[in-house]
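Residue numbering restarts at 1 for every chain, and letters A, B, ... go by the order of the sequence lines.
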Number of protein chains: 2
Amino acid sequence: MDSSSDYLLKKLSQKNLRFSFQRMKILEYLYQHESSHLDAEEIYEALSRVIPGLSKTTIYNTLHTFQKAELIQAVDIENSETRYELSASRHGHFICKQCGGIHDFEVDMDAIVVKELSQFQIEEKDVYFRGLCPDCIRTQKESTFSKKNKKKEAKDES
Amino acid sequence: MDSSSDYLLKKLSQKNLRFSFQRMKILEYLYQHESSHLDAEEIYEALSRVIPGLSKTTIYNTLHTFQKAELIQAVDIENSETRYELSASRHGHFICKQCGGIHDFEVDMDAIVVKELSQFQIEEKDVYFRGLCPDCIRTQKESTFSKKNKKKEAKDES
DNA sequence: TGATAAATTGTAATGATTACAAATTTATAA
DNA sequence: TTATAAATTTGTAATCATTACAATTTATCA
């Protein structure tokens, strides 16, 4: 709601983030579209009209920075790495942030009922948990931001 | 479990799918790795050693075919289009298969408890529902397979 | 004010996936 | 069995979001 400069500046400094014009504008835009789910492209399109010479890399960098600072959170909608399994009962998937391993678990999807969605036709329900698997809890080392690295060493058990 | 030729052939014909050597081998591989979450690359790596000249496009085509026939199901792990929202209480996301619109809804994440995961360190819980939003239920037309098309016309409300 | 660390920029690369057209294979009917 | 039409496979090129990286600019603080 409140997206005044003062407010945004405070938000940044609260998270020990440096000031920059681009940062301010991106944060402002996020607040101005609080109820949306923006992607880097949309933010870039909108702000490059206001900030000539704005680089898309800056958008990506800044979003990552904000995410690490927990100012924003990522919502994963589409996906580039689709994995397949034989059709079977729907179950939840636990993805280890460290090793990338995927572990199935049982969830009672029918128990997840949302009155809000009574007008919606629900065809699929997916539940994803993320965190550390037992193996990685033991050998908990560095945890890089890049997903690419994790994927390399990822092994799928379950 | 049973991945004999006869069994696989029956599976194909049950779904009105034509026979082909590649199809058989891919389906066989899926049955042989029933508890895994395979991606196209992994299947290609394994089978191209058995089927010289196998094309990766065939893997993609076949997996799509199997998915449409509901022989297999896709599990979306990583993602290429990340969307961001301000950090707030965690909520579920409904994604409309037709228009791509995203609608938030409240879920009591704490109510989703999985005893199976007692050894796991759960850091994030995500719930995704997919289907048709009220608007698209009304104007329900063709529904193409390609996600790309949908994205083009996607608009985010919520 | 100046030094230094951090942020921004632009370009090139990556990596999963898709588009497409030509060649091959399968199913079917004569 | 063979011809034929339709479906499948193949290979290459393109797409698209994202990342890597090095050079330039900017912010912060002594």
**Message:** Heavy atoms only, 4.0 Å cut-off, all strands: where does Thr58(B) land among base, sugar-phosphate and nothing?
**Reply:** base
**Asked** Heavy atoms under 4.0 Å, any strand shown: does Thr65(B) hit a base, just sugar-phosphate, or nothing?
**Response** nothing
**Message:** Should the side chain of Arg18(B) and the base of dT26(C) be counted as holding a donor-acceptor pair, with the cut-off at 3.5 Å?
**Reply:** yes
What is the distance, to the nearest angstrom, from the [atom1] atom on [X] to the [atom2] atom on [N]?
X	N	atom1	atom2	answer
Asn61(A)	dT18(D)	CG	C1'	11 Å
Leu17(A)	dA5(C)	CG	C1'	15 Å
Gln67(A)	dT18(D)	CD	C1'	13 Å
Phe21(A)	dT25(D)	CZ	C1'	15 Å
Leu63(B)	dT17(C)	CG	P	9 Å
Leu9(A)	dA27(D)	CG	C1'	13 Å
Ile26(A)	dT9(C)	CD1	P	8 Å
Tyr60(B)	dT15(D)	OH	C1'	13 Å

**Request:** Identify, residue by residue, the members of residues 46-57 of chain A with a heavy atom below 4.0 Å from DNA chain C, and return them in order of residue number, or none.
**Result:** Gly53(A), Leu54(A), Ser55(A), Thr57(A)
**Any Gln22(A) side-chain nitrogen or oxygen under 4.0 Å from OP1 or OP2 of dT26(D)** = no
